[in-house]
J.: 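Sharing a structure here in structure tokens format.
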Amino acid sequence: MSERLKGNILVTGANRGIGLALVQQLGETPGEEGHIYACCRDPQGPGAQALRDLSTQCPGKITVVKLDVSDVDSISSAVQTVSRIIGAGGLNLLINNAAINRPETPAPLSACGKTDMMEAYETNVVGPFLLVKMLLPLLQKAAAMDDTVKGNTMSCSRSAIVNISTLISSIEKCPETFPIAQMYPYRTSKAALNMLTRCLAEDFRRHNILVAAVHPGWVRTAMGGEEASLTPQESVGGVLSILTSLSNKHSGMLLDWQGNTIPW
């Protein structure tokens, strides 16, 4: 399933939940066809023990990188680290997975304040924006490799940005999803991430860099809760299967973990 995703892959929020499952399944790819840069805020802390263990189990395939997507200096430092390791190579796939939910679900209007809105926007939108901006030279480098063979064909194995979004970011679907979880800061920040996805897709077509947003489903994570219908492994299995099939026609779209298009 994930064996066709080759090259250098960077995953944010990689120490737990969906991010950890992404690194795990990508790390199971046989051979030396790819390298994973697994990013999290505190690589040496107790919350990253599972990620450190995974790195040990996959020698030479996973590099753990310190990255706080809400801190511009941390983003800059992480990009410098990855750039130094990659060297003449390019970055084939960036998965912007790190996100926060403020305050706790259901987050009705009465419970939300300015700080909640600003923190969600800073992490869920500004962080991916800055990371893409700083990693663009590496993404361009990957897209330009073997250009005479690939032409204008876009794919996640060539050069791509995948933003992990959500069904509840859909404005059209809001009437049916709002009663389940109001989540004002999370919903609005992810809707903004969708617009960022669309803008980047239009901007980067000239570079042959694919940009798409993916809803991973309702997943049993710290954010999704124990009642969620999918395990992280099930969700990521679907997501990675979808990523291997993305092409030019999917750039700028919001898809779910089964490949269905979600309306904006």
Side-chain angles (χ1 to χ4, degrees), residues 1-69 74-75 77-100 127 131 135 138 142 155-164 214 216-217 219-226 228 230-246 257:
M1 166 195 50
S2 61
E3 59 190 13
R4 286 185 288 157
L5 292 176
K6 305 173 183 179
N8 293 306
I9 302 172
L10 189 149
V11 181
T12 67
N15 63 306
R16 62 178 185 173
I18 293 171
L20 183 64
L22 279 166
V23 174
Q24 180 180 22
Q25 293 193 31
L26 287 167
E28 292 171 352
T29 305
E32 299 297 326
E33 296 179 327
H35 193 87
I36 305 146
Y37 297 89
C39 304
C40 64
R41 285 181 291 185
D42 186 9
Q44 300 306 316
Q49 184 61 56
L51 179 59
R52 293 196 298 272
D53 292 343
L54 193 56
S55 178
T56 302
Q57 294 163 17
C58 303
K61 295 210 70 174
I62 300 172
T63 297
V64 180
V65 179
K66 180 179 177 62
L67 171 63
D68 180 350
V69 297
S74 178
I75 295 173
S77 178
V79 169
Q80 290 177 34
T81 297
V82 172
S83 299
R84 185 170 59 251
I85 298 172
I86 289 178
L91 180 63
N92 300 93
L93 177 59
L94 165 62
I95 303 180
N96 282 312
N97 166 72
I100 61 170
L131 191 56
L135 286 172
L138 289 179
S155 73
C156 288
S157 290
R158 182 179 188 177
S159 184
I161 299 159
V162 173
N163 295 322
I164 300 300
V214 175
V219 188
R220 288 198 289 275
T221 62
M223 187 183 298
E226 291 300 318
L230 295 171
T231 66
Q233 291 72 26
E234 291 169 335
S235 167
V236 166
V239 169
L240 291 179
S241 179
I242 294 305
L243 297 195
T244 61
S245 66
L246 295 185
W257 68 287

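In what follows, every heavy atom counts, from backbone to side chain, and hydrogens, waters and symmetry copies are set aside.
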J.: Identify the heavy atoms of A78 and V65 that sit nearest to each other, and give their distance.
T.: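 Heavy atoms of A78 and V65 come nearest at CB-CG1, 3.9 Å.
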
J.: With side-chain contact (heavy atoms from CB on, under 4.5 Å) as the test, would you mind laying out the steps for T244 and L240 before giving the verdict?
T.: CA-CA 6 Å; T244 61; L240 291 179; 5.7 Å; no

J.: Using a 3.5 Å distance criterion without hydrogens, assess whether the side chain of Q25 forms a donor-acceptor pair with backbone atoms of Q233.
T.: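 Answer holds: yes.
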
J.: I100: which residues meet the side chain to side chain contact (heavy atoms under 4.5 Å, CB included) condition with it, sequence neighbours left out?
T.: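 With sequence neighbours excluded, I100 shows a side chain to side chain contact (heavy atoms under 4.5 Å, CB included) to R102, E119, T123, N124, given in chain and number order.
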
J.: May I have the step-by-step check of side-chain contact (heavy atoms from CB on, under 4.5 Å) for L246 and L243, ending in yes or no?
T.: CA-CA 5 Å; L246 295 185; L243 297 195; 3.8 Å; yes

J.: For residues 36-63, pull every pair meeting ring-ring contact (aromatic ring centres under 6.0 Å, His included), keeping only residues two or more places apart or in separate chains.
T.: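 Checked against ring-ring contact (aromatic ring centres under 6.0 Å, His included) - neighbours excluded - the pairs reaching residues 36-63 are H35-Y37.
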
J.: Look only at the side chain of N97 and the backbone of V11, and say whether a donor-acceptor pair between them is shorter than 3.5 Å.
T.: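 Checking the backbone N and O of V11 against the side chain of N97, no donor-acceptor pair under 3.5 Å is found.
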
J.: Quick one: closest heavy-atom pair of C156 and L93, and the distance?
T.: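 Heavy-atom minimum between the residues: O-CB, 3.8 Å.
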
J.: Using every non-hydrogen atom in the two residues, find where P43 and A48 come nearest and quote the distance to one decimal.
T.: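 In terms of heavy atoms, the two residues are closest at O-CB, 3.5 Å.
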
J.: Return the minimal non-hydrogen interatomic distance between G90 and N8, and the atom names on each side.
T.: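 Looking at all heavy atoms of both residues, the shortest contact is O-ND2, 2.9 Å.
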
J.: Taking all non-hydrogen atoms of both residues, which atom of N15 and which atom of G47 are closest, and how far apart?
T.: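 Minimum heavy-atom contact is ND2-O, 3.2 Å.
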
J.: Give the minimum heavy-atom separation between L138 and I86, together with the two atoms involved.
T.: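 In terms of heavy atoms, the two residues are closest at CD1-CD1, 4.1 Å.
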
J.: Is there a donor-acceptor pair closer than 3.5 Å between any side-chain N or O of N92 and the backbone N or O of R158?
T.: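 Present.
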
J.: So, the side chain of S235 versus the backbone of P216: is there a donor-acceptor pair under 3.5 Å, distance only?
T.: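 Yes, S235 side chain to P216 backbone: donor-acceptor pair under 3.5 Å.
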
J.: I want to check something: taking the side chain as every heavy atom from C-beta on, are I85 and V82 in contact at a cut-off of under 4.5 Å?
T.: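 With C-beta onward as the side chain, the pair stays apart.
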
J.: Taking only residues two or more places apart in sequence, or in another chain, which ones meet S55 in a side chain to side chain contact (heavy atoms under 4.5 Å, CB included)?
T.: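 For S55 the side chain to side chain contact (heavy atoms under 4.5 Å, CB included) partners, ignoring immediate neighbours, are I62, V64.
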
J.: Sequence neighbours left out, what passes side chain to side chain contact (heavy atoms under 4.5 Å, CB included) with N96? Give chain and number order.
T.: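 Checked N96 against side chain to side chain contact (heavy atoms under 4.5 Å, CB included); matches are T12, L94, P128, L131, V132, I161, N163.
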
J.: Decide if atom CZ of R220 counts as having more than 12 heavy atoms of other residues, nucleotides or ligands within a radius under 6.0 Å.
T.: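 Yes.
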
J.: Is the backbone of D68 close enough, under 3.5 Å, to the side chain of S74 for a donor and an acceptor to pair up by distance?
T.: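 Flag set: sc S74 to bb D68 pair under 3.5 Å.
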
J.: Pairs in or reaching into residues 44-53: which pass side chain to side chain donor-acceptor pair (under 3.5 Å), with residues at least two apart or in two chains?
T.: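 Listed by first then second residue: Q49-R52, Q49-D53.
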
J.: List in chain and number order the residues that pass side chain to side chain contact (heavy atoms under 4.5 Å, CB included) with L20, two or more places apart in sequence or in another chain; answer none if no residue qualifies.
T.: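 Result, side chain to side chain contact (heavy atoms under 4.5 Å, CB included) vs L20: A50, L51, L54.
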
J.: To the closest 0.5 Å, what do you measure between NZ (K66) and SG (C40)?
T.: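 Rounded to the nearest 0.5 Å, the NZ-SG separation comes to 8.0 Å.
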
J.: Roughly how far, to the nearest 0.5 Å, is the OG atom of S155 from the CG atom of L5?
T.: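 Taking CG in L5 and OG in S155, the distance rounds to 8.5 Å.
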
